[in-house]
Structure formats: C-alpha cells, structure tokens
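These notes are about the structure you will find just below.
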Amino acid sequence: METKEYTTDQEQLARFAKAMGHPARIAILNFLAQQNCCFFGDIHEVLPISKATVSQHLKELKDSGLIQGSIEPPKVRYCINRENWAIAKNLFVRLFDHDNTKKSSCC
C-alpha cells in the first residue's frame, strides 16, 4: 500500500480554515483587518462574548499565524500578521479558483 501525504499548502490552508471556523474569530479578523493594531480591550468591546472566550479565540488565531500579539504591560496589542494573511488569501483564492465548468456534474 502506497502512503499518500497532504501537501504543505493543503495543511496550511486547513490550519487557517480551522482557525477561521467560528463567527467570533471572523468578527475578530474583520475588526483587526480595519486597524493597524489594537489592544485586547478594544477587541472585547466589539464582541458579545466574555473576556475569557475572547482570549481563547485570540489564542486560536495567533496559533494559526493569522494574527500576532505583543505584550506591552499591562496590555496586549494585536494585529493581523500581514505575511500570513497574504499566504492565506492566496491559498483560498487558489482553492476557489479552480475552473469546474469544464467538468461534468457529479449530481
């Protein structure tokens, strides 16, 4: 049996997609995409969820590489990781840009 592996692009796209798989995270990304950077409290103010839940969502986004944070005691500043944002955009565009009009429908 031949072992098949996922490509690096497939794995990275899945990591980005998983991180974006919650409406609160999409709201955070929308908010951060409109800012150069902001503090945790700014993000918490625009979401209808607790601070602890915001922290969990920020951790998921940060772990995926879509956002970055820096500690400026006593606050934490967050912003979009522009390099990974561009990579994610490119990967999603390539995924959705396949020309399926040339293939017959499966249904």
Side-chain angles (χ1 to χ4, degrees):
M1 182 185 288
E2 182 181 335
T3 302
K4 297 182 180 181
E5 296 183 16
Y6 297 111
T7 67
T8 302
D9 285 352
Q10 289 168 334
E11 290 177 355
Q12 191 168 30
L13 180 59
R15 191 168 34 257
F16 291 145
K18 181 182 177 204
M20 296 170 66
H22 191 284
R25 295 184 201 143
I26 296 298
I28 290 168
L29 290 171
N30 283 335
F31 181 73
L32 288 175
Q34 297 172 21
Q35 320 286 325
N36 283 332
C37 62
C38 64
F39 292 103
F40 173 86
D42 300 325
I43 298 167
H44 175 257
E45 287 180 13
V46 299
L47 296 173
I49 54 180
S50 71
K51 288 181 180 182
T53 305
V54 172
S55 291
Q56 290 172 342
H57 289 304
L58 288 168
K59 181 183 182 327
E60 288 292 326
L61 291 168
K62 192 173 176 188
D63 288 349
S64 76
L66 288 170
I67 67 170
Q68 54 195 15
S70 59
I71 299 172
E72 296 182 14
K75 299 179 180 183
V76 180
R77 181 188 306 250
Y78 290 96
C79 63
I80 295 289
N81 180 322
R82 299 291 175 195
E83 182 179 336
N84 287 340
W85 189 259
I87 291 169
K89 179 180 176 181
N90 184 25
L91 290 171
F92 278 107
V93 166
R94 287 192 348 224
L95 174 68
F96 290 115
D97 204 28
H98 289 288
D99 186 2
N100 289 321
T101 60
K102 296 178 184 174
K103 298 176 184 159
S104 62
S105 176
C106 67
C107 302

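Model, not experiment: these values are computed from the prediction.
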Practice problem: Kindly give the heavy-atom pair with the smallest separation between Leu61 and Ala19, and that separation in Å. | Solution: CD2-O, 3.6 Å
Exercise. Could you give me the CA-CA distance, side-chain angles and deciding distance for Arg15 and Gln12, then say whether side-chain contact (heavy atoms from CB on, under 4.5 Å) is met?
Key: CA-CA 5 Å; Arg15 191 168 34 257; Gln12 191 168 30; 3.8 Å; yes
Quiz prompt | Euclidean distance, Leu32 CG relative to Ile43 CD1, rounded to 0.5 Å | solution = 4.5 Å
Quiz item: At what distance, to the nearest 0.5 angstrom, does CG of Asn84 lie from CZ of Phe16?
Solution: 4.5 Å
Practice problem: Consider only side-chain heavy atoms of I, L, V, M, F, W and Y, link residues closer than 4.5 Å, and tell whether Ile28 and Ile26 are in one cluster. | Solution: yes
Practice problem: Give a yes or no on whether Asn36 atom CG has more than 12 heavy-atom contacts from other residues, nucleotides or ligands under 6.0 Å away. | Solution: no
Quiz item: Which value, rounded to the nearest 0.5 Å, describes the distance between Arg25 atom CZ and Leu58 atom CG?
Solution: 10.0 Å
Practice problem: Give, for atom SG of Cys38 and atom CD of Glu45, the distance between the pair rounded to the nearest 0.5 Å. | Solution: 10.0 Å
Practice problem: Report the distance from atom CG of Leu29 to atom NE2 of His22, rounding to the nearest 0.5 Å. | Solution: 12.5 Å
Quiz item: Counting only N and O atoms by type, is there a donor-acceptor contact under 3.5 Å from the side chain of Asn90 to the main-chain atoms of Ile87?
Solution: no
Self-check item: Least distance between heavy atoms, Ala24 atom then Leu47 atom
Solution: O-CD2, 4.3 Å
Quiz item: Would Lys51 and Val54 satisfy side-chain contact (heavy atoms from CB on, under 4.5 Å), going step by step from the backbone distance to the final call?
Solution: CA-CA 5 Å; Lys51 288 181 180 182; Val54 172; 5.5 Å; no
Quiz item: When hydrophobic residues are tied together by side-chain contacts of less than 4.5 Å, even through go-betweens, does Val46 share a cluster with Ile80?
Solution: yes
Practice problem: Indicate, with yes or no, if Ile71 and Ile67 share a hydrophobic cluster defined by side-chain heavy-atom contacts under 4.5 Å among Ile, Leu, Val, Met, Phe, Trp and Tyr. | Solution: yes
Quiz item: ring-ring contact (aromatic ring centres under 6.0 Å, His included): which pairs involve residues 65-85, sequence neighbours left out?
Solution: none
Self-check item: More than 12 heavy atoms of other groups within 6.0 Å of Glu5 CD
Solution: no
Quiz item: Rounded to the nearest 0.5 Å, what separation is found between the CD atom of Glu60 and the CG atom of Asp63?
Solution: 6.0 Å
Quiz item: Yes or no on side-chain contact (heavy atoms from CB on, under 4.5 Å) for Gln35 and Asp42, after CA distance, side-chain angles and deciding distance?
Solution: CA-CA 11 Å; Gln35 320 286 325; Asp42 300 325; over 6 Å; no
Quiz item: Are Phe96 and Leu91 linked, directly or through other ILVMFWY residues, by side chains that come within less than 4.5 angstrom of each other?
Solution: yes
